[in-house]
Amino acid sequence: MISLYKSLTAKLNLYLTDITLLIARLLAANVFFSSGMTKWNGFLSFNPEKYDLFLYEFFCPDPIREGALLLCDAETLDYVEGSSIITFIESLAIGAGVAEIVFPIMLALGIFTRLGAAGLIGMTLFIQLAVFPTWDHWWNPAVWWFIALLTVLSMGPGRLSLDKLLGLENKQ
């Protein structure tokens, strides 16, 4: 009975691990790529409406989210015109837009996959800790992104990846 169980789990591992890793990569890639596409009006044309998302929903929300990173004046819920913090946040918005396109493509293709997963884990943790620091946000949806990305980071992209094809991942 034990040898039958071991044989069965070995076959499951052989066939399901790579499919599971591919699905985890595609799941996370879809979430972030879809978000990234909303930040662009075309190739290298950032959607200026997204600046307001970062300025006023993420870093200066009304009402203020307890524990969130507040980068505007807490009394006026506005920014000082021409301040460097506005430039910083707008640069952060563009950087997030680029990362949400590049890292998911890396995941979907399975190229430099662990780097892409690590980048998106960083984004997930930043969103969780600085923008929406509540358990409700963590348990749905952030933990789903996090566990899919952590699985890929820890186990690698699997055999169904360019990393494996190009010899960038020796394990598996």
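- Summarising the geometry, atom CG belonging to L168 is positioned 8.5 Å from atom OG1 belonging to T113; distances are rounded to the nearest 0.5 Å.
- Between the side chain of S161 and the main chain of G158, a donor-acceptor pair closer than 3.5 Å is present.
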Residues K39, S35; criterion side-chain hydrogen bond (donor to acceptor under 3.5 Å, both in side chains); working and verdict: CA-CA 7 Å; K39 293 179 178 67; S35 176; 3.1 Å; yes
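- A donor-acceptor pair under 3.5 Å is formed between the side chain of W40 and the backbone N or O of G97.
- Judged purely by atom type and a 3.5 angstrom limit, D163 uses its side chain to pair as donor or acceptor with the backbone of F112.
- One hydrophobic cluster holds both L115 and F33 under the rule that ILVMFWY side chains link at heavy-atom gaps under 4.5 Å.
- The OG atom of S154 sits 8.0 Å away from atom CD1 of I147, with the distance rounded to the nearest 0.5 Å.
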Between T124 and L149, is a side-chain contact (heavy atoms from CB on, under 4.5 Å) present by the stated rule, with each step listed? CA-CA 10 Å; T124 300; L149 292 164; 4.0 Å; yes
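- By the 4.5 Å heavy-atom criterion applied to side chains, L125 and F146 are counted as neighbours.
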Working note: L4 + L8, criterion side-chain contact (heavy atoms from CB on, under 4.5 Å); need CA distance, chi angles, decisive distance, verdict. CA-CA 6 Å; L4 177 64; L8 179 63; 5.6 Å; no
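- With a 4.5 Å cut-off on side-chain heavy atoms, I64 and L70 count as touching.
- Between atom CD1 of residue I89 and atom CD1 of residue I94 there is a gap of 12.5 Å, rounded to the nearest 0.5 Å.
- At a threshold of 4.5 Å between side-chain heavy atoms, the hydrophobic network of Ile, Leu, Val, Met, Phe, Trp and Tyr places W138 and V31 in one connected group.
- When side chains are defined from C-beta on, E100 does not count as touching M37, because their heavy atoms never get closer than 4.5 Å.
- In this structure, CG on L71 lies 9.5 Å from OG on S83, to the nearest 0.5 angstrom.
- The main-chain N or O of F132 is found under 3.5 Å from a side-chain atom of Q128 such that the two form a donor-acceptor pair.
- Pairing each heavy atom of P133 with each of A68, the nearest pair is CG-N, 3.5 Å.
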For the pair F46 and Y51, evaluate ring-ring contact (aromatic ring centres under 6.0 Å, His included) and give the outcome as yes or no after the intermediate values. CA-CA 9 Å; F46 192 77; Y51 291 131; 5.0 Å; yes
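- Contact record, F32 with P104: CB-CG, 3.7 Å, taken as the closest heavy-atom pair.
- In plain terms, the two heavy atoms of R25 and L107 that are nearest each other are NE-O, 2.7 Å.
- The CE atom of M106 sits 9.0 Å away from the CG atom of L120 when rounded to the nearest 0.5 Å.
- Connection of I101 to L26 is not established within any shared hydrophobic cluster, with ILVMFWY side chains joined at heavy-atom distances below 4.5 Å, either directly or through further cluster members.
- Within the 3.5 Å criterion, the main-chain N or O of V152 finds no donor-acceptor partner in the side chain of R114.
- When side chains are defined from C-beta on, D73 does not count as touching V80, because their heavy atoms never get closer than 4.5 Å.
- Dense packing is recorded around CZ of F126, with more than 12 heavy atoms of other residues, nucleotides or ligands lying under 6.0 Å away.
- A salt bridge does not link E169 to R159: none of the charged nitrogens lies less than 4.0 Å from a carboxylate oxygen.
- Residues satisfying the ring-ring contact (aromatic ring centres under 6.0 Å, His included) test with Y56, not counting sequence neighbours, are Y79.
- Judged purely by atom type and a 3.5 angstrom limit, T17 uses its side chain to pair as donor or acceptor with the backbone of N13.
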Quick one: do I127 and F58 satisfy side-chain contact (heavy atoms from CB on, under 4.5 Å)? Show the steps, please. CA-CA 9 Å; I127 292 165; F58 292 171; over 6 Å; no
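- Put simply, the side chain of L21 reaches to within 4.5 Å of the side chain of M155, judged on heavy atoms.
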Check the pair E57 / D52 against side-chain contact (heavy atoms from CB on, under 4.5 Å), numbers first and verdict last. CA-CA 7 Å; E57 185 177 333; D52 283 346; over 6 Å; no
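- Between W139 and W135, the ring-plane angle classifies as parallel under the 30° and 60° cut-offs.
- Between T38 atom OG1 and L53 atom CG the span is 7.5 Å, to the nearest 0.5 Å.
- Annotation: salt bridge (charged side-chain N to carboxylate O under 4.0 Å, His left out) contacts of K50 (sequence neighbours excluded): none.
- A chain of hydrophobic side-chain contacts below 4.5 Å, direct or via other Ile, Leu, Val, Met, Phe, Trp or Tyr residues, connects I85 to L69.
- Annotation: side chain of K164 is not in contact with side chain of P157 (no heavy-atom distance under 4.5 Å).
- Under a hydrophobic-cluster definition in which Ile, Leu, Val, Met, Phe, Trp and Tyr are linked whenever side-chain heavy atoms come within less than 4.5 Å, directly or via other members, V143 and L150 are assigned to the same cluster.
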